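So you know, we letter chains A, B, ... as the sequences are listed, proteins then strands, and number each from 1. If you're wondering where the values come from, they're calculated on a predicted model, not measured in any experiment.
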There are 2 protein chains.
Amino acid sequence: MVKPILHRRCTLRDVAKAADVSLSTASNALNGVGRVNAETRERVLRIAQEIGFRPNALARSLLSRRSLTIGIITDDTYGRLTLPISSGVSEVLVDHGVSAFLCATSGDKRLAELHLQALLDKQVDGIIFTATRLDVDPPIDLTALNIPVVYAFAAGPSHSTSFVPDDAHGAMLAIACLEAAGCREILHITGPEGWLAARNRAAAYRDRCRPASPVMFGEWSEEWGHAAIEQVLAAREKLPDGIFCGSDEIARGVLDGLRDHGISVPDDISVIGFDNWEVVSRQTRPPLTTIDMELKEIGHRAGLAMLRLTRNEPVDKGITRLPCSLVRRESVAKRPGAEQRR
Amino acid sequence: MVKPILHRRCTLRDVAKAADVSLSTASNALNGVGRVNAETRERVLRIAQEIGFRPNALARSLLSRRSLTIGIITDDTYGRLTLPISSGVSEVLVDHGVSAFLCATSGDKRLAELHLQALLDKQVDGIIFTATRLDVDPPIDLTALNIPVVYAFAAGPSHSTSFVPDDAHGAMLAIACLEAAGCREILHITGPEGWLAARNRAAAYRDRCRPASPVMFGEWSEEWGHAAIEQVLAAREKLPDGIFCGSDEIARGVLDGLRDHGISVPDDISVIGFDNWEVVSRQTRPPLTTIDMELKEIGHRAGLAMLRLTRNEPVDKGITRLPCSLVRRESVAKRPGAEQRR
DNA sequence: TTGAAAGCGCTAACAT
DNA sequence: ATGTTAGCGCTTTCAA
């Protein structure tokens, strides 16, 4: 039984010495490569275990030219999107021994450059760029790097690979849910028309509902949802029986506006949100049925793509739109008949 | 003008060759150490610049035994706390060339071990542990590592160094704000008594207001805020004129409950929250005056402490409580006289 | 089956 | 002022 060395991490040399073999034999034994006597191998393994040997990744990387390290650069200050995405990325990578540097740039160019340079110096095997919207360019140019770049919740140039939520699919899911609940006339209240996500969702809504439907574009805020309800109430006799909101925050404003007027959700009207931002959607009255963008899955896919890229395996180029999912809570009417009818 | 090499990162060797000096001279020139002829230095610098030379951090680290890398391990799945804190950490570290690995464990022990091992293998210079509450032990034991550990929004063992928000100070700020608005009787509605943060804030409240004040412990939810208002209304004749809520979510429930009963905020009663979680506090009607825990500052301090520790400079041991700040919005009455009076 | 030696990219003694 | 050499911890030919 060899005594573990505490003050200094032990090295392969320590193992080799303790096992009375050469460096290369120790290395081969531990990595299971080359011809090593089974008995010798056992001994090396045992001793390595006993003294708590762990290979120095820095030394390995220097030689192998793969650092088992990637960088995640994000625009987000807030964390709403970044943490689920990046933990999704890490989840698939950690099993392959790769760790991720997180660089929050807050959209600051200088900071972004600084981080990027640090990442490059540390020889990251690749970079994943994440943003909070799809139609804004990264604060730094990632197109000329000689390591792979993957975009998650951001759209890279066409020859690159990007993963984004399928807004149209999410919208379809929302409308289908409303229709299944028996809604005949569905209104769409959403964020600024300047946002691609808002336009995509609105287009899907128009496709499915009424090509000429007036979409109510506004802000991504509760206040707007609230104001929109006032507008609707002022402008028309009869309320629609379903409202598809572009975000949970808008939906919350809608819900409040409706309640202010004594209109019951979901009895009088069904409301569905978008985002599944739980701090909002779980706390509304009633709790909000909404669309989840599956951020973690976006992270998974981005991580997987990165893994393949670093191994020179082929990956899909261009923008991959990942399906959303429906989260049922209580703001959409349950039609008892609907289940049976299929 | 030397042509940049694109397929391979250029090395010091390339610089030395191009400048027609030895490796060590090139190294000395670039690092500004040793005796180097001014003219030679210029030339080396210029050439390095031209061919875009950047030193390989891996090679440097191997030699210097400092990887300029730390790990941030977090319990948080959600990101509400982690992103502000970790971007605070990075902000102070990036200028010193250190990058941070982010490891989200979701409280999963296996995952935490995996991440920790990967970090150690990569020779991180230190680890910052972050949690979502102060009174829960990390999923892994960080006390026996031979690298520095700092706790941020988490309380490490007494000989370690931790940075947490000063809950008592935050509570004081809240109460002082209410008092300055003229409130005479302040009620405290907060989260579960099992949470240290809730107890700390409640204790400060009792200290300042009425030692025997009944604190309403409950959940960290809007629903609880709402329910609490119903309870209060049912139990007493006269409403208090100020409510200090343990979280923004609770405050939001309180606000809604009050509105349901036609009680106006801030005219009839002032309400203050805790957290400054903007998605909640900016969207309430009226927008919520609340306490900010200065998460980014916690990150700064943790990062700074880490920097010192890695240089063997002394740092404060034990738990450092960092002041909170007041964010004024519109849920607390403005007393025109209050300003003058001081 | 095992070991000696070279080298990843860099820095730091030590010669010159 | 500059160059030569050794070595950080490891993997990988290539000989033995």
- Task: Would you mind building the protein contact string for nucleotides 10-16 of chain C? One character per nucleotide, 5' to 3', B for base within reach (heavy atoms under 4.0 Å), S for sugar-phosphate only, - for untouched.
- Result: BBB----
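We find that CG of N37(A) is positioned 7 Å from C1' of dT1(C), with the value rounded to whole Å. Following rounding to the nearest Å, D14(A) (CG) and dC8(D) (C1') show an atom-to-atom distance of 14 Å. Whole-Å rounding puts the K17(B) NZ to dG3(D) P distance at 14 Å. Put simply, CG on L62(B) is 12 Å from P on dG9(C), counting in whole angstrom units. Look at CG on L30(A): it is 13 Å from P on dT12(D), rounded to the nearest Å. Rounded to whole angstrom, the span from the CZ atom of R35(A) across to the P atom of dA16(D) amounts to 19 Å. Taking atom CZ on R43(B) and atom P on dA1(D), their separation rounds to 14 Å, with Å as the unit. For the pair I51(B) CD1 and dG9(C) P, the computed distance is 13 Å after rounding to whole Å.
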- Query: Step by step, would you call R110(B) with D95(A) a salt bridge (charged side-chain N to carboxylate O under 4.0 Å, His left out)?
  - Reply: CA-CA 11 Å; R110(B) 183 202 77 101; D95(A) 283 316; 3.7 Å; yes
- Message: Pair T25(A), S22(A) - check side-chain hydrogen bond (donor to acceptor under 3.5 Å, both in side chains), show working.
- Response: CA-CA 5 Å; T25(A) 302; S22(A) 72; 3.1 Å; yes
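If you check the side chains of S61(B) and R66(B), you find no donor sitting under 3.5 Å from an acceptor.
Using a 4.5 Å heavy-atom threshold, the side chains of R133(B) and F153(B) count as separate.
If you check every strand for non-hydrogen atoms under 4.0 Å, S61(A) touches nothing. Within 4.0 Å of T40(A), counting heavy atoms only, lie sugar-phosphate atoms of the nucleic acid but no base atom.
Each of T105(A), T82(A), T132(A) was compared with T74(A) under the side chain to side chain donor-acceptor pair (under 3.5 Å) criterion, and only T82(A) meets it.
Between R46(A) and E50(A) there is a salt bridge, since at least one side-chain N of the basic residue sits less than 4.0 Å from a carboxylate O of the acidic one.
Contact annotation: R65(A) side-chain N/O to dG9(C) OP1/OP2 distance is under 4.0 Å. For dT4(D), the OP1/OP2 oxygens have no side-chain nitrogen or oxygen of S22(B) closer than 4.0 Å.
Heavy atoms of other residues, nucleotides or ligands lying less than 6.0 angstrom from NZ of K317(A) number more than 12.
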